[in-house]
Amino acid sequence: MSAISGGARRALAIITTTVVIAAGSVLGTASVAAAADLPSTPAPLLQRDSTVVTSDNLPTVQINDGYVWAQTTVGNIVYAVGSFSNVRPAGAAVGTNLTPRSNILAFDITTGDLITSFAPTANGTVKSIAASPDGSRLYIGGSFNNVNGQTRWNFAALDATTGALVPGFAPSVGGTGVYAITTSGTSVYLAGLFTQANATARKNLAAFNSSNGALLPWAPTTDLQVDAMVMEPGNAKVIIGGRF
């Protein structure tokens, strides 16, 4: 191998020095910033004006004894799921004027009032919910094995108006739970922490036919749980996020 010329050696030395200095500069800057005194006055407050987003004052139904994991909307109706057993109107003191709700509720987004005719039940935490594209049904997922008094393993479909189970649709997911759901026109996709779907091996991701609950051949895998997923607008790709 030929020896490196003096000019090449000088060029390499310059490059090497530049890299070391750049790294040193970053470290030095961080040390100085960490050691610097805090400003003597707080940052100015951002004044509310037309460019600042603010919330509308809309009193809504309150969870009395638990929490909400996920929500979705169909028209003017908001559907909320989580882990709770009672709700109360806005302004009511804790523990008063209670209405039983078993981990699922619906309220009118225009008034904030509870939809009293919608009262399905689940015997465990519901962590995900998605509406079908036409808004006629709701898919729920979580860690449960009974919905409306019938066996449903971690996943179920409900009529969006009545809260009744959708007839002829009863797929099952075996594992810790279903944490995310998304849909296309003919399929519903699930994600979470599980090992099987309809008694067939699936690792944290599965898809079902939305008309009859049949398991689809779509079978990607992750080593750890998936916590979120969304369908891209063209219904060709599913984007997932989680702890994998």
What are the two closest non-hydrogen atoms of [X] and [Y], and how far apart are they?
X      : Y      : result
Ala197 : Arg202 : CB-CG, 3.9 Å
Gly185 : Ser210 : O-OG, 3.8 Å
Ser136 : Ser132 : N-OG, 3.3 Å
Ala90  : Pro59  : CB-CB, 3.4 Å
Ser184 : Tyr189 : OG-CE1, 4.1 Å
Ser187 : Leu216 : OG-CD1, 3.3 Å

How long is the span from the [atom1] atom in [X] to the [atom2] atom in [Y], to the nearest 0.5 Å?
X      : Y      : atom1 : atom2 : value
Thr60  : Leu105 : OG1   : CG    : 9.5 Å
Thr183 : Met229 : OG1   : CE    : 10.5 Å
Asn146 : Trp153 : CG    : CH2   : 9.5 Å
Ser172 : Gln196 : OG    : CD    : 5.0 Å
Trp69  : Ser128 : CH2   : OG    : 11.0 Å

Does [X] use its side chain to pair, donor to acceptor, with the backbone of [Y] at less than 3.5 Å?
X      : Y      : value
Thr111 : Asp113 : yes
Ser85  : Ser102 : no
Thr195 : Gly175 : no
Asn148 : Gly163 : yes
Gln71  : Ala80  : no
Asp159 : Ala164 : no
Asp65  : Phe84  : no

Consider only side-chain N and O atoms of [X] and [Y], and report whether a donor and an acceptor are under 3.5 Å apart.
X      : Y      : answer
Asn64  : Gln62  : no
Asn154 : Asn145 : no
Thr222 : Asn204 : yes

**Request:** Could you work out the complete set of other residues in the hydrophobic cluster of Phe155, with links drawn between I, L, V, M, F, W and Y side chains under 4.5 Å apart?
**Result:**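 Joined to Phe155, directly or through intermediates: Tyr139, Val166, Phe169, Val173, Val178, Ile181, Val188, Leu190, Phe194, Phe208, Leu215.
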**Prompt:** Val126: which other cluster members, linking ILVMFWY side chains closer than 4.5 Å, directly or transitively?
**Reply:** Val74, Ile77, Tyr79, Val81, Ile104, Ile115, Phe118, Ile129, Leu138, Ile140, Phe144, Val147, Leu158, Leu165
**Request:** May I ask whether Ile63 and Leu98 are part of the same hydrophobic cluster, defined by side-chain heavy atoms of I, L, V, M, F, W, Y residues being less than 4.5 angstrom apart, directly or through others?
**Result:** no
**Asked** So if you build clusters from Ile, Leu, Val, Met, Phe, Trp, Tyr with side-chain heavy-atom gaps below 4.5 Å, do Phe107 and Val68 land together?
**Response**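 Yes, because Phe107 and Val68 connect within a single hydrophobic cluster, where side-chain heavy atoms sit under 4.5 Å apart.
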**Item:** Qualifying residues under side-chain hydrogen bond (donor to acceptor under 3.5 Å, both in side chains), relative to Asn198, sequence neighbours excluded
**Value:**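 Counting only residues at least two positions away or on another chain, Asn198 forms no side-chain hydrogen bond (donor to acceptor under 3.5 Å, both in side chains).
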Heavy-atom side-chain contact between [X] and [Y] under 4.5 Å:
X      : Y      : answer
Glu232 : Ile239 : yes
Asn103 : Thr125 : no
Asn86  : Arg88  : no

**Message:** Before you tell me yes or no, could you show the steps for Leu114 and Thr99 under side chain to side chain contact (heavy atoms under 4.5 Å, CB included), namely the whole-Å CA-CA distance, both residues' side-chain angles and the distance that decides it to 0.1 Å?
**Reply:** CA-CA 9 Å; Leu114 181 71; Thr99 300; 3.7 Å; yes
**Asked** What do the steps show when you test Arg243 against Asp227 for salt bridge (Lys or Arg N to Asp or Glu O under 4.0 Å), and what is the final call?
**Response** CA-CA 7 Å; Arg243 310 181 192 191; Asp227 294 305; 3.0 Å; yes
